[in-house]
Every structure is written in C-alpha cells, then in structure tokens.
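Values in this document were obtained by computation on a predicted structure and should not be read as measured data. Within every chain, numbering begins at 1; the chains are lettered A, B, ... in the order of the sequence lines, protein sequences first and strands thereafter.
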Amino acid sequence: MDNIENLATRFQERIDAGEKIEPKDWMPEKYRKTHIRQISQHAHSEIVGMLPEGNWITRAPSLKRKLGLLAKVQDEAGHGLYLYSAAETLGISRDEMTQQLLTGKAKYSSIFNYPTLTWADIGAIGWLVDGAAIINQVMLTRTSFGPYARAMVRICKEESFHQRQGYEIMLTLCNGTPEQKEMAQDALNRTWWPALMMFGPRDEDSPNTKQSMAWKIKRKTNDELRQQFVDITVPQAEFLGLKMPDPEIKWNEERGHYDFGAIDWDEFWQVVKGNGPCNKERIAARQKAWDDGQWVRDAALAYSAKKSENEEKSNGIKAQRSEGKIA
Amino acid sequence: MKDQLTKYLMMLGDNAMILGHRLSELCGHGPTLETDIALTNISLDLYGQVRSYFQYAAELSGEGVTEDTIAFLRKERTYLNVVLLEQPNENFAHVIVRQFLYDMFQSFLTPALMRSTDERIAAIAAKSIKETKYHLRFSTQWMKRLGAGTEESKSKIQAAVNHLLPFTDELFVMTAVEKEMLEQGIGPDLQSFKEDYYIKVQEVLEQAELSLPEAAPRVVKGKTGIHSEHMGYILNELQYMQRAYPQMEW
C-alpha cells in the first residue's frame, strides 16, 4: 500500500520529469495550499488592478484611447475569472477567495496600492507593470500545476498586447509637446521603484523560494527576474528619451547586466502591511462592490432556483404525459 | 441639409456616448465579475458606434474637425442625447432599466436606419444590429431576474422603472432635425413605432412580474440640447483631458 512518503516521492518524480499535475491527482497538502494562495493572489491582483486603471476610463483623452483602456480593464476581469476558476479546481470557492481578499487574509500585488494621477500613468502601468507581470507570467506558463499553466498561456498573450499598448501611449506622449513628455517622465519616476518591488523581496529574504523552485512553481528567483526586467526596460526608456529615476543605473560589462540602485525595502514592507497610499481605498472599493451587489446576486440565485423548479414541474408533466398518465 | 445630417449623426452618437460613459463608470465595480464584463462589453460596443457616427460627421464638417473634437470639445448645449441616458447609476436596477428602455428603442430604430437612404448610416446600423439584439437580450434577462428574484430586487427594480419610464417619451419626439431626416428618407418617423415600443415594454414588465407605472411623461428636451443637471458633470470628466491639454495628440 502507498504511504504518504511514497506518494510524495512519486509526486516529486513526476514534477522532475516535467509532467503536469492535474486537480484530481494526489498532491501534498502544502502544494495545494501554496497554489490556492498564489493563484488567488494573482486573481485578486487582476481584480484590484482594474481600479487604478478604471480611474482613467471616464477621462481618457481620445475615443481610441478610451476603447483601448476599456478593453484592457475588461481583459483583466476575464483574467480574474480564469484564475479564480483555476483555483476552484483545488477546492475553494470564488466567494471564499473574495472574503479572504476583503478581510485582508489574502494579498494582491502591492503595485495597485499606488494611485494613478495622470493619463501618463496608464501608459506607465501598461509598459512597466504589465511588463514586469509578463516576466513572472512567462515563467508560470511552464509551472507544474496544469490549470494554472494553461491559464497563464492565454493571459500572457493578452498581457503582451497590453504592454505594447502602454508603451505606445508613452511613445505618443514622448513625441508630443514638452508638457506631455514631462507627464511621461513623472509617471516613470513614480512607477519605476514600485514596479521593481513587484518581483518580491530579495532572495535572501524570500523563505518560500526554495520549495517553489523544487515544485517548479517558480523557475527563477526574485532577484533573477528583477534583473531581467531592468535589462529589458533600460533600453526601452532610452528609446523613449526618458531618464531613469535611478542615478546608479549603469551597464556592467563584466556581469553582462545593468547595475541598479538599492530598493527602499522599508517602503515595500509598509505597503505590503497595508500602509500604502491606496490600500484602504482599494479594499473599500471592492467591499462596496460586494455589498452593493449582494441583493443582485441573491436575486439571480432566487430566480434560477425558481426557474429550475418550474422546469422540473413541466418536465414532470411531460413525463407523465408520455407515460399516458395525463392527457 | 448637410448641417442637419451632421446634427442627426451627433444625436445618434451622443446617445451611444453618454450611455457608454455611464456604463464605463461601473467598470470594476459591478455586482459580479460576469456582469462587470458584460456591461463593459456593451460600453465598448456603444463607443464603437460613437466612432462610426462621429467619423462620418467629421468628414461632413470643415477642416480641423475630428471624431475627438466632436466627442470632447462641444459646449453642453450642442450635445443632443436624450435625458434618460444621463441618469446616474443609482444602483444596479437603475442601470438595467435604463439599458433595457434604450435597447428596446434601438431594437426599433436600428432596423429602420438600415433602410436609410444614406448608405453610410444604413451600413453603420447594419453593423450594430447584432449588438443591439445582444444588448436587449442581456437587459431583458436581468429585468426578469430582478423582477422575479427576491422581494428586495422586485421593489428596487419597480422603483427604477417608475423613475425612468417617464423619460422615454422624449425618445419619440420628432425634433426639427428628425423631421428633416424623415423628409429625406434618412431617418424614420419615430412615432410610427411608439405604440409597438410600449407594447413590447409592457410585455417584458409582465414577464418580469412588474407593473407599468401611470406617471405622466417627463418634460425633457435633451435632443434640443437642454439637459439635466447631471450632464455638466459628465462632460466635466469626459472633456477633462482635451480641455486641460488642448490640441495635442494622444
């Protein structure tokens, strides 16, 4: 008979062989929990991420941009949906996950606790925030848990479209008037450091990394991914004619990478703990949507219960008819 | 005649834009993810129609006029949408009823516009007919869900019907622009489907277990540019960037 140790060994062998783990397969409890945590956190990030960008929909500067932004925020709602569904395969409901978000038990990406103050922030979010997210997500298309990996393939395609759209907004601003270029520079200045923080704490402060690597939830460490992002982004900023808000950014020939300055980890932890500029407002907005929507969800449930009851009745009558019991 | 046609295009486009704007305010705040996605979708469809109408209007207008100057740089008195569509997102019931009353109107207007002598308008209408049908199906379903759902949802949606239905009379008023369009065979006689509209509305209300309010029609004149007090605030947001940063490319 299989004991837990054998199961665990076989599980690890499957992962090492590059096999995908599916929802009905045996998995260690910690693997399940880690995935619920990570996938729901990712879903919440999509949903909370709708708020800072949604902040500019009604004020978008042209019809074309308004359509682009509406479509983008709608895509994020769609990503939230597939991710919640992927997490549901592990035995948790969407409502439970929502409650965890609202009570603060579940986290979401801290970047969305920063405000969007100008139209250029919409460009900067697309370029930098989606850019950073893609680096993480491309890695996740090869993660060991099947439903998560498959959701990521689809999400990555849309995210890279968003990223190009964001960069194109920045490019238009940088080719525009001095006032527009200044708006773009200011958005880069404010978004850059929080975007670097998106990769999480330094490797030495990231206790979960080792287990996540063994389970192939992660394939690169936080610092490796962060470096990759810096290396991609610096030339993009140069092309825009913008100045990086970090005087220590310099190409390091020997390392074959850009060096960059120290991140303000105190700010990072403060925002994670709930003290960022918009943490309270983001959760309050989600709480309001939940509370205001309660009667609507109740009505939809009551209606579908009534409807299926009626259908049962009419099916019952049909059955009786076909059996010749009634005319 | 060209001026009247341009105004007519603005009327059609403004309706889509102001409703699209109200829906876009909800993006990220809906009662479920599914409804959030659906309402954003409708907003996207409406803004697509706005672009078609305004691009055409811009071509008919002089130099320097673009879809964006038409959308964002007019004075309030020259926006020609009906007052119904300015009504705020009081709650989800108001959102659904406003949508339903407009979708039902569009389900008569759009086929009529497909027969327009103006080929461009006929083509825009032909392109949007599928959207119109989908929007009406969505809003009708929600009318029924909320009407026949719970006591609370029934009372909320009945209140929204009572409040919003009196604004629908304006949809059928034939302004000078619309009379001219009728003469040219460009637009329909709105009165010709007024009765059928209310019959259909009543049918859905009955299916939704709701009653038809007996309130008198509201005296409102959005189609001649006289709006509600909500309109200034809508334009304030809509026009913000174009007013704060004039004559720039975005």
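Contact count against chain B (heavy-atom pairs under 4.5 Å) is highest for A:L63 among A:V73, A:L63, A:I169, A:L81. If you tally non-hydrogen atom pairs under 4.5 Å between each of A:L173, A:V296, A:V48 and chain B, the highest count goes to A:V296. In terms of heavy-atom pairs under 4.5 angstrom with chain B, the leader among A:A289, A:G123, A:A285 is A:A289. Top candidate by heavy-atom pairs under 4.5 Å with chain B, chosen from A:G54, A:G80, A:G49, A:A71, is A:A71.
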Between chain A and chain B, which N and O donor-acceptor pairs fall under 3.5 Å? A table would be great.
residue : atom : partner : partner atom : Å
A:T58   : OG1  : B:E237  : OE1          : 2.3
A:P61   : O    : B:Q242  : NE2          : 2.7
A:L63   : N    : B:D68   : OD1          : 2.9
A:R65   : NE   : B:W250  : O            : 2.5
A:R65   : NH2  : B:W250  : O            : 2.9
A:Q74   : NE2  : B:I37   : O            : 3.0
A:Q74   : NE2  : B:N41   : OD1          : 3.4
A:R94   : NH1  : B:E34   : OE1          : 3.2
A:R94   : NH2  : B:E34   : OE2          : 2.5
A:Q180  : NE2  : B:E249  : O            : 2.8
A:R286  : NH1  : B:G28   : O            : 2.6
A:R297  : NH1  : B:P31   : O            : 3.0
A:K306  : NZ   : B:A148  : O            : 2.6
A:K306  : NZ   : B:G149  : O            : 3.3

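Contact detail for B:G149 and A:A302: the closest heavy-atom pair is O-CB, 3.7 Å. Annotation for B:G28 and A:L51: closest pair O-CD2, 3.9 Å, computed over non-hydrogen atoms.
Neither the backbone nor the side chain of A:A305 comes within contact range of chain B, judged by heavy atoms closer than 4.5 Å. In this structure, chain A has heavy atoms under 4.5 Å from both the backbone and the side chain of B:A148.
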